[in-house]
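The structure appears below as structure tokens.
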Amino acid sequence: MSLTILDHALIKHKLTIMRDKNTSTYIFKQNLDEIAKLMAFEVTRNIPLKDKEIETPICKMIGKEMDKQIILVPILRAGIGLVDGFRDIIPTAKIGHIGMERDEETLIPREYYAKFPKGIEDSVVIVVDPMLATGGSANMAIENIKQRGAKNIRLVCLVGAPEGVAAIQKEHPDVDIMLAALDEKLNENGYIVPGLGDAGDRLFGTD
Ligand code: PRP
Ligand code: URA
């Protein structure tokens with residue numbers, strides 16, 4: 001189990017733009033795309049590789065190629081916002097979808113959709129969602145994915161609360177977590193403080 005905070009100047013700069021309540025939907029998505037690319041680069045750093053024999057214009061050599069299929073799983077809705085950036089960096093990734101909606105009163109998520117590509121058992125599965133608040137949605141999504149046989153699962157979120165990180169580490173200690181920022185706490189409504197507000201609403205302009 002590992003928790004990585006991507007403590008990079010570019011990410012801090014872009015995330016500050018996203019957190020600003022005056023940032024438009026368009027600029028919010030643009031910065032999310034850019035951060036997603038940086039996180040995709042980092043979360044795939046240790047993907048298993050295998051030898052590949054090729055011939056350069058000069059001579060034969062043994063190069064490397066990825067030895068695992070990558071399956072990206074956005075948690076709908078807001079997780080969709082991370083897909084474009086990840087696909088720019090990993091164009092061969094297949095995409096699974098899982099729909100989760102938090103009840104505004106109880107904060108308990110409800111699963112409303114799930115569809116996955118074949119071969120999830122042997123793939124590296126990267127679950128993406130901008131927000132890790134109570135951790136309920138990500139925990140339920142990971143449970144669903146594990147029931148389909150996935151063994152190598154990573155969770156990438158933009159902003160996490162300590163409560164959400166603790167919840168994932170308790171339920172799924174084998175899942176590596178990567179965040180762009182670990183925030184202070186949850187407020188009484190289950191929103192991350194300082195956070196960036198409702199990620200889905202800000203991404204799709206539904207507020
Ligand atoms: C948001 C967010 C996460 C979830 C995090 O989704 O995108 O999926 O809340 O909260 P949790 O860690 O307490 O479960 P939401 O339920 O608002 O749905 P949406 O993406 O459709 O807006
Ligand atoms: N979901 C969001 O979109 N934002 C939060 O701060 C918490 C959950």
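Excluded from the calculations below are hydrogen atoms, water molecules and symmetry mates; all remaining heavy atoms, backbone and side chain alike, are included. Start at 1 and go down the list; that is how both ligands and their atoms are numbered.
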#### Entry: Ion pair K146/E143, N-O distance below 4.0 Å
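Between E143 and K146 there is no salt bridge, as every charged N stays at least 4.0 Å from the carboxylate O atoms.
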
### Query
In terms of side-chain geometry, is the basic nitrogen of K29 or D33 positioned less than 4.0 Å from the acidic oxygen of its partner?
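The answer is yes: the pair qualifies as a salt bridge.
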
With atoms numbered from 1 as shown, which atoms in ligand 1 lie under 4.0 angstrom from a non-hydrogen atom of [X]?
X    : answer
G135 : 11 (P), 12 (O), 13 (O)
A78  : 7 (O), 20 (O)
E101 : 16 (O)

### Task
Output, in order, the C-alpha distance, side-chain angles, deciding distance and verdict of side chain to side chain contact (heavy atoms under 4.5 Å, CB included) for R77 and L203.
CA-CA 9 Å; R77 245 178 347 156; L203 183 61; over 6 Å; no

### Query
With a 4.0 Å heavy-atom cut-off (strictly under), which part of A133 contacts ligand 2: side chain, backbone, both or neither?
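Answer for A133: side chain.
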
Quick check: do [X] and [Y] have side-chain heavy atoms less than 4.5 Å from each other?
X    : Y    : answer
L155 : H172 : no
V159 : L15  : yes
N144 : E111 : yes
L6   : M178 : yes
E42  : V156 : no
H97  : P74  : yes

### Query
Considering only heavy atoms of G190, which atoms of ligand 2 have at least one such atom less than 4.0 Å away?
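Numbered from 1, ligand 2 contributes 7 (C).
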
### Message
As a test of the contact definition, would atom 1 (C) of ligand 1 count as having a protein heavy-atom neighbour under 4.0 Å?
### Response
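Not a single protein heavy atom is under 4.0 Å away.
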
### Task
For atom 16 (O) of ligand 1, state whether the nearest protein heavy atom is under 4.0 Å away.
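Protein heavy atom within 4.0 Å of atom 16 (O) of ligand 1: present.
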
### Task
Answer with side chain, backbone, both or neither: which part of A133 has a heavy atom less than 4.0 angstrom from an atom of ligand 1?
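Near ligand 1, A133 shows its backbone as well as its side chain.
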
### Query
Does R102 reach the main-chain N or O of G190 with its side chain, forming a donor-acceptor pair under 3.5 Å?
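Checking the backbone N and O of G190 against the side chain of R102, a donor-acceptor pair under 3.5 Å is found.
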
### Query
Can you tell me if Q69 uses its side chain to pair, donor with acceptor, with the backbone of T92 under 3.5 Å?
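Yes: the side chain of Q69 pairs with the backbone of T92.
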
Identity and separation of the nearest protein heavy atom to [atom]:
atom                    : answer
atom 3 (C) of ligand 1  : D129 OD2, 3.0 Å
atom 10 (O) of ligand 1 : R102 CD, 3.2 Å
atom 21 (O) of ligand 1 : R77 NE, 3.0 Å
atom 3 (O) of ligand 2  : A199 N, 2.8 Å
atom 4 (C) of ligand 1  : S137 OG, 3.6 Å
atom 6 (O) of ligand 1  : M100 O, 4.8 Å
atom 5 (C) of ligand 2  : Y191 CD2, 3.4 Å
atom 13 (O) of ligand 1 : T134 OG1, 2.6 Å
atom 5 (C) of ligand 1  : M131 O, 3.6 Å
atom 4 (N) of ligand 2  : G197 O, 2.8 Å

### Task
May I ask you to check if ligand 1 and A199 share an N or O to N or O distance below 3.5 Å?
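The answer is no, given that A199 and ligand 1 share no N or O pair closer than 3.5 Å.
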
#### Entry: Contact (N/O only, under 3.5 Å) between Y112 and ligand 1
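Between Y112 and ligand 1 (N or O atoms, distance only) the closest approach is not under 3.5 Å.
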
### Query
Is the count of non-hydrogen atoms from other residues, nucleotides or ligands lying under 6.0 Å from Y26 atom OH greater than 12?
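No - once you tally the heavy atoms of other residues, nucleotides and ligands closer than 6.0 Å, there are 12 at most.
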
### Query
Is there any N or O on I192 that sits under 3.5 Å from an N or O of ligand 2?
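I192 vs ligand 2: N/O contact under 3.5 Å present.
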
### Message
Geometry only, no angles: is G200 polar-contacting ligand 2 at N/O separations under 3.5 Å?
### Response
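No; the residue has no nitrogen or oxygen that sits under 3.5 Å from a nitrogen or oxygen of the ligand.
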
### Query
Is it the case that one hydrophobic cluster holds both L196 and L182, taking links as side-chain heavy atoms less than 4.5 Å apart, direct or via other members?
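Unlinked, L196 and L182 end up in two clusters.
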
### Message
Starting from V175, can I reach F116 by hopping between I/L/V/M/F/W/Y residues whose side chains sit under 4.5 Å apart?
### Response
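Hydrophobic grouping puts F116 with V175.
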
### Query
Does some non-hydrogen atom of R102 fall short of 4.0 Å from ligand 2?
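Within the 4.0 Å threshold, so yes.
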
### Query
Taking the non-hydrogen atoms of P130, is any one of them nearer than 4.0 angstrom to ligand 2?
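Per 4.0 Å heavy-atom rule, P130 does not contact ligand 2.
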
### Task
Work out whether the distance between some heavy atom of P109 and some atom of ligand 1 is less than 4.0 Å.
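Checking ligand 1 against P109, which is what was asked, there is no heavy-atom contact under 4.0 Å.
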
### Query
For ligand 1, is L107 a contact, meaning one of its heavy atoms is under 4.0 Å away?
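L107: no contact with ligand 1 (<4.0 Å).
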
#### Entry: CA sep, side-chain torsions, deciding dist, call: D67, K52, salt bridge (Lys or Arg N to Asp or Glu O under 4.0 Å)
CA-CA 10 Å; D67 195 25; K52 182 179 186 186; over 6 Å; no

